[in-house]
Amino acid sequence: MQEYGMEALMRVKGYEMLVVLRDNTLNWVTHKKSAWSKKGPSGTVPVNEIILAHLGDCKQRGKRISTPSTQFTVYHVSRRSAQRWIVQAVTFTAPDAQVANSWVQTLQEQIHPSGNTRPQRLLVFINPYGGRGKASKVFRKKISPLFQLAGIETEVIETTRANHARDFILEEDLQKYDGVVCVGGDGMFSELLHGLVTRTQRDSGICEKDENSVLTTCRLRIGIIPAGSTDCVCFATVGINDPVTSALHIIIGDTQPMDVCASYHAEQLKRFSVSLIGYGFFGDVLRESEKLRWMGPFRYDVSGFKMVLLNRAYRGTVEFLEADDCYSNPRDNTRCRTGCLVCSESSEKLREVMEAENHCCTSNKWKKVSGSFVAINVTGMSSACPKSQDGLSPTAHLADGTADLILVHECNMFRFLRHLKRHTSSKDQFALPYVEVHRIHAMRFIPDHKEKDVTEEDNIRRRKSIFSTLCSGAPQTSTWNCDGEILECAQISVRVHHQLIQLFARGIEGTCCS
Ligand SMILES: Nc1ncnc2c1ncn2[C@@H]1O[C@H](COP(=O)(O)OP(=O)(O)OP(=O)(O)O)[C@@H](O)[C@H]1O
């Protein structure tokens, strides 16, 4: 980007200010500060957080200005609180129209340099039923005006059925878009994830079903406007579930690469996921909650409570390929934050590891733990959410090619509750003798008991009554909860695909040490 240095005396809200554009930052401060002069509204904005600069004041945006204007207005991102972003507009009055004109031109050139990462055309999917039906209104009232302000063209599709968005991405021409956006919850995000990953592999002739395939990174970035009842992916990548904040990350073209886990059963690809893959407790909670859909989001609390009381454990063997802990480990007490070095340096390190190991599936660095488990969780990111601000694994990284494997060995109900409770406090949830955690590249689980092929009849019987599972004996195998979708199998293998997708986000802003 070409560096400009400009400064001029201008007026902002009647105050005389020195306005400086230097080092990719726009800065305005009260001129000639003295004990008697009143301080004006000073400000500093990085140029990449400016949305638009135009001649005239706010009311003249988009209008043709016939007389030369000495005023110009800058719309920029402003931080209302730690993670919440809003738009603010500042109108500057320059000494003459020529100065105003040259500032607008320079600012616009700097906002849109060549090779700009800001999207110009987006494909937007709205789930009209997401989050109790508020998604369409959220988009129309809050988001569409912001995209218009930024000059972003949108093609908006209100979905009419489940998998509408996924199927559209799989079949239609996507060349004209710079990104895809979902307005909805984690289920909608998952549709975009599956559509984009599968489409990208198909277009590049890669067999995604083969566990050993190196998958191609998706070109299109994904934007998430949170409007569902569960918005965990947004929360863990932006730090807040706020539609306006997410829209601003999209507008300024933030990019956050992200790892994706692929789950396989019987040599078949089952699903892609980015947050939780859980067996035992979280698998059972999801299965139970499906029977209670009519309760809305409250169903997770009810089924969670029930499964804690039942205190089930499942026998099996977990095998995993552990990551090198000289780069990071799940107990190092750091946090993956904007500009995370562990993530940004991971490509080089992973290449070295993979070359040394030959291939992850044949590596002899696999470790094995057999036993009886209350929960087996694999999480590709912290899985933070408003209820658990630090998530399942607070130090997990978004894009370092690893996931965290958390094993909760058989223990009584109170001990398991103690572990769960630590997800909502600052206490270390892994500092318990019956919990172990490993940073991994891949894992496999083999249940001790041979799983029956689950038939539709079995499913109907399982769903029949809320009390059926309380009355019948405990099942010998559980099922997997894969980002909120049930996988009807116990045996599974999981592989982390490094930086397979990119989001319009920048990770959570803040310091990397807790
Ligand atoms: N028009 C539609 N009709 C029915 N289902 C849809 C439609 N559009 C999307 N879906 C499906 O609805 C599911 C839930 O959507 P979404 O995640 O946006 O909302 P949510 O409120 O967070 O839902 P939940 O908490 O049930 O996951 C998704 O899995 C998606 O496939």
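In listed order, ligands and their atoms are each counted from 1. Along the sequence shown, residues are numbered consecutively beginning with 1.
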Check your understanding: Do we see a donor-acceptor contact under 3.5 Å between the side chains of Tyr314 and Asp284?
Key -> yes
Review point. Considering only the protein, which heavy-atom contact is closest to atom 4 (C) of ligand 1, and what is its distance?
Key: Ala162 N, 3.8 Å
Review point. Any luck finding a side-chain donor-acceptor pair between Asp404 and Thr379 under 3.5 Å?
Key: no
Check your understanding: For ligand 1, which part of Arg161 has a heavy atom less than 4.0 Å away: the side chain, the backbone, both, or neither?
Key -> backbone
Study note, to complete from the structure: closest protein heavy atom to atom 27 (O) of ligand 1 is Thr230 OG1, 3.9 Å
**Study point:** Sub-4.0 Å heavy-atom approach of Arg293 to ligand 1
**Key:** yes
**Study point:** atom 25 (O) of ligand 1 [closest protein heavy-atom partner, distance rounded to 0.1 Å]
**Key:** Ser229 OG, 2.5 Å
Point to revise | Part of Tyr129 with heavy atoms under 4.0 Å of ligand 1, whether side chain, backbone, both or neither | key: side chain
Review point. Any luck finding a side-chain donor-acceptor pair between Glu288 and Ser303 under 3.5 Å?
Key: no
Practice item. Would you mind telling me if ligand 1 is within reach of the side chain of Thr160, the backbone, both or neither, using heavy atoms under 4.0 Å? Key: backbone
**Study point:** Side-chain heavy atoms of Arg287 within contact of Ile486, under 4.5 Å
**Key:** yes
Review point. Between Gly187 and ligand 1, does any nitrogen or oxygen pair lie at a separation below 3.5 Å?
Key: yes
Practice item. Decide whether Gln499 and Thr217 meet the rule of one side-chain donor and one side-chain acceptor closer than 3.5 Å. Key: no
Review point. In the protein, what heavy atom is nearest to atom 12 (O) of ligand 1, and what distance, to one decimal place, separates them?
Key: Asn127 ND2, 3.5 Å
Exercise for review: Check ligand 1 against Gly228 and write out every atom of the ligand that is under 4.0 Å from a heavy-atom position of the residue.
Suggested key: 20 (P), 21 (O), 22 (O)
**Study point:** Atoms of ligand 1 close to Asp186 [distance to a heavy atom under 4.0 angstrom, numbered from 1]
**Key:** 17 (O)
Review point. Does ligand 1 have any atom that is closer than 4.0 Å to a heavy atom of Lys134?
Key: no
Point to revise | Atoms of ligand 1 close to Met188 [distance to a heavy atom under 4.0 angstrom, numbered from 1] | key: 9 (C), 16 (P), 17 (O), 18 (O)
Review point. Any side-chain donor-acceptor pair under 3.5 Å between Ser328 and Arg439?
Key: yes
Review point. Going by atom types only, do Ser190 and Glu485 share a side-chain donor-acceptor pair under 3.5 Å?
Key: no
Check your understanding: Considering only protein heavy atoms, which is closest to atom 30 (C) of ligand 1, and at what distance to one decimal place?
Key -> Glu191 OE2, 3.1 Å
**Study point:** Whether over 12 other heavy atoms sit under 6.0 Å from Arg80 CZ
**Key:** no
Exercise for review: Look at the aromatic rings of His409 and Phe373 and report parallel, tilted or perpendicular, splitting at 30° and 60°.
Suggested key: tilted
Review point. For ligand 1, does His194 get within less than 4.0 Å through its side chain, its backbone, both, or neither, judged by non-hydrogen atoms?
Key: neither
Point to revise | Presence of salt bridge, Arg118 and Asp178, under 4.0 angstrom | key: no
Practice item. May I ask you to identify the nearest protein heavy atom to atom 8 (N) of ligand 1, giving residue, atom name and distance to one decimal place in Å? Key: Thr159 OG1, 2.7 Å
Point to revise | Test item: Thr395 side-chain N/O and Asp332 main-chain N/O as donor-acceptor pair under 3.5 Å | key: no
Exercise for review: For Gly184, take its heavy atoms, then give the atoms of ligand 1 lying under 4.0 Å from any of them.
Suggested key: 18 (O)
Review point. Between Gly185 and ligand 1, is there a nitrogen or oxygen pair with a distance under 3.5 Å?
Key: yes
Check your understanding: Would one find more than 12 heavy atoms of other residues, nucleotides or ligands at under 6.0 Å from atom NZ of Lys176?
Key -> yes
Review point. Considering only protein heavy atoms, which is closest to atom 19 (O) of ligand 1, and at what distance to one decimal place?
Key: Gly130 CA, 3.7 Å
**Study point:** Closest protein heavy atom to atom 21 (O) of ligand 1, given as residue, atom name and distance to 0.1 Å
**Key:** Gly131 N, 2.8 Å
